[in-house]
Amino acid sequence: MSITASITAVGGYLPDYVLTNQELETLVDTSNEWILERTGIKERRILKGEGLGSSYMGVRAVRELLQKRNLDPMEIDLLICCTVTKDMVFPATANIITDEVGAKNAWGFDLEAACSGFLYGLSVGSQFIQTGRYQKVVVVGVDKMSSIIDYQDRNTCIIFGDGAGAVLLEPDTTGHGVLDFVNFADGDGAKHLHMKAGGSRKPASVESVLAREHFVYQEGKAVFKRAIPGMTQAGQELLRRNDLTADDIAWVVPHQANVRIIEGAVQNLGIPMERVMMNIQRYGNTTDGTLPLCLRDYEKQLKRGDKLLLVSFGGGFTWGGAYIKWAYNGA
Ligand code: COA
């Protein structure tokens, strides 16, 4: 049988500080009721502390994964860090993480596809396993969204949170693992969701800081309109290509952007909400962290052979999905 890339361990890290809807009410003109009704979010985690970036959370997610699998970090071949909030413009946050966890034999790189970053990273990482080239690939999804969120902008500050998740990919010859993926992109979406300054087009200046251009700019409605069709398209394509019906799917693992987006997409896929992983209530949208953090939260309920459908939509626009046959009993 051919080689597939199985997820053999998951890890994660969430900062201690809880930013509640009630606290947001003191920062912007909003209400707990509005946020709950329009997004489903109750609270999110925020990484506090001078000089702590995404790598701080990524390192802890990878350490948890290594400990669970009882793995020597020297065995890691490659680490892909999916993030839009790198520690620094360069070097790659992946390099900082590999250094701090002691993965001295690994190389790595950062991958940026906004909220679909983790799925893109999973697609890339699984190829290095499938070809037989590597035995251990780690894909980290991490974001310190609080570093690029304007807590004076009620359109965005209510949605996002900080967190990290990570998965270990290893070869499998029993038909389990990442069995298929689809990824899409439409650069025209950039105008609806981006950060105006800080890149090469508009480097940081006194003016850009004063104009609050180093924060997420989002046209919520425009993103919302594309997100449900995008996630639906990815899911339907994977079901069709793999001769699956909605009944075959044990769990949908959707990107956690807004409960209404998740409900719309899974309804289109014909899958009941009881089989949908959700943690947006507690963490908000952690961008690259949402999918691996869902897997971590539901790990104990997962059984070998469960068929999982991961779907995502995000800035770029980027969207996609993965079909995974789970490889181990979580309990
Ligand atoms: N609190 C209270 N009122 C708010 C508010 C807030 N935090 N944010 C917006 N409003 C107001 C608006 O000003 C508007 O008032 P008006 O009718 O007087 O103009 C009203 O609520 C409706 O605003 P709208 O933008 O249409 O709300 P929405 O239902 O689209 O919800 C989002 C806004 C951002 C939650 C929603 O569009 C969304 O989730 N979009 C997708 C975001 C996303 O997924 N981003 C990450 C990429 S994956």
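Side-chain atoms are counted along with the backbone in the values below, which use heavy atoms only and exclude waters and symmetry mates. Just so you know, ligand 1 is whichever comes first in the structure, and atom 1 is the first atom listed for that ligand. Fair warning: this is a prediction, and the values are worked out from it, not measured in the lab.
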Colleague: With a cut-off of 6.0 Å (strictly less than), are more than 12 heavy atoms of other residues, nucleotides or ligands near CD of Gln67?
Modeller: no
Colleague: Please list every donor-acceptor pair under 3.5 Å in which a side-chain atom of residues 315-326 meets a protein atom from a residue at least two apart or in another chain.
Modeller:
residue	atom	partner	partner atom	Å
Thr318	OG1	Ala113	O	2.9
Thr318	OG1	Ser116	OG	3.1
Thr318	OG1	Gly315	O	3.1
Trp319	NE1	Gln233	OE1	2.8
Trp326	NE1	Tyr328	O	3.1

Colleague: For the pair Phe128 and Tyr134, name the ring-plane relationship: parallel under 30°, tilted 30 to 60°, perpendicular over 60°.
Modeller: parallel
Colleague: Output the set of protein residues with a heavy-atom contact under 4.0 Å to ligand 1, ordered first by chain identifier and then by residue number.
Modeller: Asp29, Thr30, Trp34, Arg38, Thr39, Cys115, Arg154, Asn155, Ile158, Ile159, Phe160, Leu193, Gln218, Gly220, Lys221, Val223, Phe224, His255, Ala257, Asn258, Arg260, Ile261, Asn285, Phe313, Gly314
Colleague: Under 3.5 Å, is there a donor-acceptor pair linking the side chains of Thr83 and Asp143?
Modeller: yes
Colleague: Does Gln127 have any side-chain contact (heavy atoms from CB on, under 4.5 Å) partners at least two apart in sequence or in another chain, and if so, which?
Modeller: Gln130, Phe181
Colleague: Mind checking what makes side-chain contact (heavy atoms from CB on, under 4.5 Å) contact with Val59, not counting sequence neighbours?
Modeller: Arg63, Ile97, Glu100, Val101
